[in-house]
Amino acid sequence: MNLSEYQEQKKHRLKRLLWLIVNNTIFRVLIGGQLRYIRNLILRCFGAELPLHVMVYPDSTIFAPWNLTMKAHSCIGPRTKIYNKDKIILGENSVVSQDASLCTAGHDITSPKHELITSPIIIGDQAWIGAEAFVGMGVTIGEGAVVGARSAVFKDVEPWSVVGGNPAKFIKKRIIKDA
């Protein structure tokens, strides 16, 4: 491969620079649950689609808010890395726990130019991505599924299942007890 010919897309460069400044300054100092509404308004100004009552922790790093959709009562936890060169969609009541990474981009390893490739990540309703887990591009986490802490997920996860490990493997079905 010849990386001397590799070029990154220039699309959104100015918006990206402005967001980088806001995400690393104003967004980070708006700490606490009550200030989430202001953080969410800022995310909306940059194109995110989300209700004002979702929780996005101030020390999360979001690459492109315009590629982020969050449904009601979803949460992006502390120190998460949301590398969303493509769409990331979080369903209702879904959680991305602390230090987890979601990555929608990679490179074409068969190409001499090593072109960037992207594919969206979809996290279903009531799904939970555990602490320090990694979810790769093009993965769908089914409704109610659980990705165990420190797992690495490269393939779709079936609804209402628990996976863990690197690479993540099926552990058991998730069954919610009656209240």
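Residue numbers run from 1 in the order of the sequence given. Just so it is clear, the structure is predicted and the values come from calculations on it, not from any experiment.
At a threshold of 4.5 Å between non-hydrogen side-chain atoms, the residues K85 and L116 count as touching. Two residues are said to be in side-chain contact when any heavy atoms from C-beta on lie closer than 4.5 Å; I42 and V22 meet this criterion. Counting only heavy atoms from C-beta outward, the side chains of K87 and E49 approach each other to under 4.5 Å. Side-chain contact between I62 and V56 is present, with at least one heavy-atom pair separated by less than 4.5 Å. Counting heavy atoms from C-beta outward, L52 and L41 have side chains that approach closer than 4.5 Å.
A pairwise comparison of heavy atoms in R44 and P51 identifies NH2-CA, 3.8 Å as the closest pair. For the residue pair S60 and N23, the shortest heavy atom distance occurs at O-ND2, 3.6 Å. Smallest separation of non-hydrogen atoms from A168 and S151: CB-CB, 4.4 Å. Nearest heavy atoms, L90 versus S94: CB-OG, 3.5 Å. Across all their heavy atoms, P58 and F27 have their closest contact at CB-O, 3.4 Å. The heavy-atom pair separating M55 from M70 by the smallest distance is O-CE, 4.0 Å.
Hydrophobic clustering, with ILVMFWY side chains joined whenever heavy atoms are under 4.5 angstrom apart, keeps I122 apart from V95. Hydrophobic cluster membership is shared by I26 and I38, with clusters built from Ile, Leu, Val, Met, Phe, Trp and Tyr side chains linked at under 4.5 angstrom.
Atom CG of L68 and atom CD1 of I89 lie 9.5 Å apart (nearest 0.5 Å). Rounded to the nearest 0.5 Å, atoms CD1 (I129) and CD (Q98) are 12.5 Å apart. Note that the CG atom of N84 and the CH2 atom of W66 stand 8.5 Å from one another [nearest 0.5 Å]. Considering CD1 of I76 and CG of L50, their distance stands at 8.5 Å, rounded to 0.5 Å. The distance from the CZ atom of F154 to the SG atom of C103 is 9.5 Å, given to the nearest 0.5 Å. R39 contributes atom CZ, which lies 10.0 Å from atom CD of Q34 (distance to the nearest 0.5 angstrom).
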**OP:** Might you work through the side chain to side chain contact (heavy atoms under 4.5 Å, CB included) test for V162 and K173, ending with a clear yes or no?
**Re:** CA-CA 6 Å; V162 179; K173 288 305 262 178; over 6 Å; no
Original post:
Passes side chain to side chain contact (heavy atoms under 4.5 Å, CB included), R150 versus F134? Steps please.
Top reply: CA-CA 7 Å; R150 293 197 166 183; F134 174 86; over 6 Å; no
Original post:
For E92 and Q126, what are the C-alpha separation, side-chain angles and deciding distance, and is it a side chain to side chain contact (heavy atoms under 4.5 Å, CB included)?
Top reply: CA-CA 6 Å; E92 287 187 26; Q126 301 178 63; over 6 Å; no
Original post:
Under the side chain to side chain contact (heavy atoms under 4.5 Å, CB included) criterion, do I82 and T61 qualify, and how do the steps go?
Top reply: CA-CA 6 Å; I82 308 299; T61 301; over 6 Å; no
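Here the options are N67, T69, I121, the test is side-chain contact (heavy atoms from CB on, under 4.5 Å), and the partner is I88; only I121 passes. In summary, of the residues considered (I123, I141, V153), a side-chain contact (heavy atoms from CB on, under 4.5 Å) with L102 occurs for I123 alone.
Distance alone, capped at 3.5 Å, places no donor-acceptor pair between the R36 side chain and the Y57 backbone. Between the side chain of S111 and the backbone N or O of K113, at least one donor-acceptor pair lies under 3.5 Å. Remark: side-chain polar atoms of D125 are not paired, donor with acceptor, to backbone N or O of N93 under 3.5 angstrom. In this structure a side-chain-to-backbone donor-acceptor pair under 3.5 Å is missing from R174 to V146. Without hydrogens or angle criteria, H107 side chain to H114 main chain gives a donor-acceptor distance under 3.5 Å.
Under 3.5 Å, the side chains of D86 and T104 contain no donor-acceptor pair of N or O atoms. With no hydrogens or angles considered, a side-chain donor-acceptor pair links W128 and S97 at under 3.5 Å.
Atom CD1 of I176 sits in a crowded spot, with more than 12 heavy atoms from other residues, nucleotides or ligands closer than 6.0 Å. For E158, the CD atom counts as loosely surrounded, since its 6.0 Å shell holds 12 or fewer non-hydrogen atoms of other residues, nucleotides or ligands. Within a 6.0 Å sphere centred on CD1 of I31, heavy atoms belonging to other residues, nucleotides or ligands number 12 at most.
Scored by the side chain to side chain donor-acceptor pair (under 3.5 Å) test, D99 finds R79 as partners (sequence neighbours excluded).
Relative ring orientation between F63 and Y83 is described as perpendicular, the plane-to-plane angle rising above 60° on a 0-90° scale split at 30° and 60°.
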